[in-house]
Amino acid sequence: MRKNKNNYAVWSTRVKKKTSSTFKKAGSSINIDKRLYKEDIKGSIVHTEMLYKQKIISIKTKDKILWGLNRIKNEIEKRKFKFDISMEDIHMNIESRLFELIGDDAGFMHTARSRNDQVLTDLKMWMKDSVNEIDKLLLRVIKSLLNNSQKNIKTILPGFTHLKNAQPISLSHYFLSCVEMFNRDKKRFKNSYDSLNENPLGVCAISGTSFKIDRWYTTKKLKFSKPTNNSIDTVSDRDFVLDFLYNVAVCTMHISRISEELIIWNSDQFNFIKLKDNLVTGSSIMPQKKNPDTLEYLRGKTGVSYGSLISMLTIVKGLPLSYFKDLQDDKELVFNSFDTLKNSLLIFDEVLKGLIVNKAQMLNAASKGYITATDLADSMVKNLNITFRESYKITSRIVNFAERLNLSLEDINLDQMKDIDKRLNNEILEQTKLKNSVNSKKSYGGTSFENIKKMINKLKKEIK
Ligand code: ARG
């Protein structure tokens with residue numbers, strides 16, 4: 001066990017017995033929070049510079065500390081740094097090594113600071129970068145969706161409600177619906193930036209400090225936008241963690257819903273799509289199999305991100321203000337959620353690039369289930385000057401008739417139609433054609449081909 005200069009924990013003058021070794025092991029977070037080393041060192045450098053600027057420490061001390069911190073960063077990056085679980089977390093590991101490197105002057109670094117504000121500063125810095133990374137990945141997915149959309153403007157498939165044929169749609173319109181989901185995710189992550197941008201450093205343990213620190217200086221140097229307002233709230237607050245975990249949960253849920261749809265489309269019964277071979281796995285026993293494991297992975301991982309959100313909500317639920325050790329688990333949850341989402345977005349993007357669309361099968365499926373019955377009813381309203389409720393009834397009779405004779409709407413001839421209602425004519429029947437149906441949905445946001453083309457252009461402009 002490597003320790004500070006006294007070879008004891010910093011609180012050993014007060015706490016006389018050694019901490020239970022089981023607890024030391026279990027309660028140590030170094031294996032998780034070593035991921036924050038860069039942010040921790042950056043935070044310490046800026047904090048030390050501020051202490052010097054405010055004449056709280058001498059230039060000599062400042063220079064020694066900065067030299068030590070840079071050296072530690074180097075050691076970690078060259079994998080020469082020995083992380084020690086008995087030093088609990090990243091903050092104590094670095095401080096302890098600083099003592100080894102520069103001696104007693106290391107003791108000045110923690111002036112006007114507590115691990116309570118330190119850990120929050122590190123985590124917020126880390127999360128800001130992560131949110132930017134997620135934003136880039138979301139953009140990549142949106143581009144792939146727009147690309148798929150561009151290629152499938154005239155691809156017609158059944159749109160479902162209740163998984164029953166509802167109305168024909170363009171596949172392009174389906175992909176554009178996914179773009180909307182991910183654009184909302186982007187916005188949600190962007191909104192979370194406001195609270196991530198508030199600098200916790202300087203609130204110390206709970207009440208602030210009597211040292212004349214400059215929180216605006218550290219705010220600027222660490223690229224935050226303002227210091228947090230209240231020291232008690234700052235060390236207690238994990239809302240920004242909850243926001244992040246919620247945003248990840250929603251985004252993985254979007255991926256999961258689309259994955260589920262694609263799994264259905266990929267089934268032998270639907271046969272709407274295939275996946276390129278790099279996206280499927282085989283079976284250890286059934287030689288014919290190509291299973292969509294990638295999509296199932298994406299659907300399954302949503303459970304992990306929901307778990308993180310519920311865990312964090314539960315952790316804070318009964319916590320009085322302010323800091324408690326319970327909060328230490330926030331980082332593991334954030335890291336897990338981030339890793340899960342990052343992998344999911346990368347894999348989902350590969351799926352989008354490896355989709356093979358069976359256009360003929362989609363069209364074939366769209367010709368079933370009297371999918372243009374609503375168009376027929378709409379057309380009667382326009383041509384016969386009757387109410388929609390009346391045309392709905394006439395159309396129901398036509399569907400009943402067709403079903404009895406096992407015909408599609410297009411198969412019924414005009415004479416048969418006229419037997420049901422003599423006002424019907426060919427113009428009205430034209431609307432039962434799939435293409436006409438899709439192309440007639442010109443209302444803003446509808447699936448007509450021209451709407452889609454305009455929307456693709458608009459969305460492409462927006463991401464430039
Ligand atoms: N490792 C701790 C955490 O992540 C750092 C803050 C510790 N503060 C304390 N008073 N024990 O929460």
Side-chain angles (χ1 to χ4, degrees), residues 1-4 8-15 17-44 47 72 76 81 83-98 107 109-128 130 196 199-209 218 222 228 231-242 244-245 308 311-338:
M1 183 164 113
R2 196 193 62 227
K3 301 191 182 112
N4 59 19
Y8 286 107
V10 286
W11 45 75
S12 61
T13 324
R14 172 73 179 150
V15 182
K17 285 239 163 92
K18 277 195 184 164
T19 310
S20 133
S21 62
T22 320
F23 174 69
K24 230 180 193 175
K25 239 189 190 164
S28 156
S29 61
I30 186 62
N31 285 328
I32 305 289
D33 58 29
K34 63 178 165 200
R35 213 165 152 170
L36 295 174
Y37 83 89
K38 229 187 264 163
E39 288 76 12
D40 196 71
I41 290 172
K42 174 82 189 154
S44 289
H47 178 69
I72 291 170
I76 297 176
F81 190 93
F83 291 103
D84 181 350
I85 65 153
S86 70
M87 284 295 144
E88 196 177 318
D89 54 28
I90 184 68
H91 327 295
M92 301 309 276
N93 266 268
I94 289 175
E95 183 176 318
S96 153
R97 177 67 183 138
L98 193 65
M109 182 172 69
H110 212 55
T111 317
R113 184 176 76 171
S114 152
R115 279 185 300 157
N116 294 357
D117 58 342
Q118 188 180 357
V119 70
L120 284 166
T121 309
D122 296 359
L123 184 58
K124 279 187 166 184
M125 282 197 273
W126 188 91
M127 284 172 70
K128 274 167 58 173
S130 305
L196 287 179
N199 177 21
L201 193 61
V203 302
C204 303
I206 172 172
S207 66
T209 177
T218 57
L222 294 174
T228 52
S231 59
I232 308 169
D233 172 63
T234 302
V235 291
S236 324
D237 169 39
R238 292 298 181 278
D239 291 1
F240 70 94
V241 170
L242 290 170
F244 179 82
L245 297 177
S308 296
S311 300
M312 195 66 220
L313 282 167
T314 313
I315 287 169
V316 284
K317 167 190 173 289
L319 278 193
L321 310 187
S322 61
Y323 179 85
F324 289 87
K325 176 88 170 172
D326 313 40
L327 294 170
Q328 179 167 281
D329 279 333
D330 59 357
K331 285 164 290 298
E332 189 169 5
L333 299 170
V334 166
F335 295 157
N336 272 346
S337 269
F338 172 78

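Just so you know, ligand 1 is whichever comes first in the structure, and atom 1 is the first atom listed for that ligand. These numbers come from the heavy atoms of this one structure, side chains and all, not from hydrogens, waters or symmetry mates. FYI, the numbering just counts along the sequence from 1.
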Inset, instruction - Record the part of K331 in heavy-atom contact with ligand 1 below 4.0 Å; permitted values are side chain, backbone, both and neither. - result: side chain
Legend entry - K331 with D33: basic N within carboxylate O range, under 4.0 Å: no
Inset, instruction - Considering the heavy atoms of Q328, write down every atom of ligand 1 situated less than 4.0 Å from one of them. - result: 1 (N), 2 (C), 3 (C), 4 (O), 12 (O)
Inset, instruction - May I ask you to decide if V119's main-chain N or O and D122's side chain share a donor-acceptor pair within less than 3.5 Å? - result: no
Inset, instruction - Name the closest protein heavy atom to atom 12 (O) of ligand 1, giving the residue it belongs to and the distance to 0.1 Å. - result: Y323 OH, 2.4 Å
Inset, instruction - Mark up the atoms of ligand 1 that fall under 4.0 Å of a heavy atom belonging to S29, in ascending order. - result: 1 (N)
Inset, instruction - Output the list of atoms in ligand 1 that are nearer than 4.0 Å to some heavy atom of V119, sorted by atom number. - result: 4 (O)
Legend entry - NZ (K325) with more than 12 external heavy atoms under 6.0 Å: yes
Inset, instruction - Verify the ring-centre separation between W126 and Y37: is it less than 6.0 angstrom? - result: no
Legend entry - I90, I32, N116: member with heavy atom nearest to atom 10 (N) of ligand 1: N116
Legend entry - Check: T228/T234 side-chain N/O donor and acceptor closer than 3.5 Å: yes
Inset, instruction - Return the residue, atom name and 0.1 Å-rounded distance of the protein heavy atom closest to atom 5 (C) of ligand 1. - result: D89 OD2, 3.5 Å
Legend entry - Side-chain donor-acceptor contact under 3.5 Å, R113 with S44: yes
Inset, instruction - May I ask you to identify the nearest protein heavy atom to atom 11 (N) of ligand 1, giving residue, atom name and distance to one decimal place in Å? - result: R115 NH2, 3.5 Å
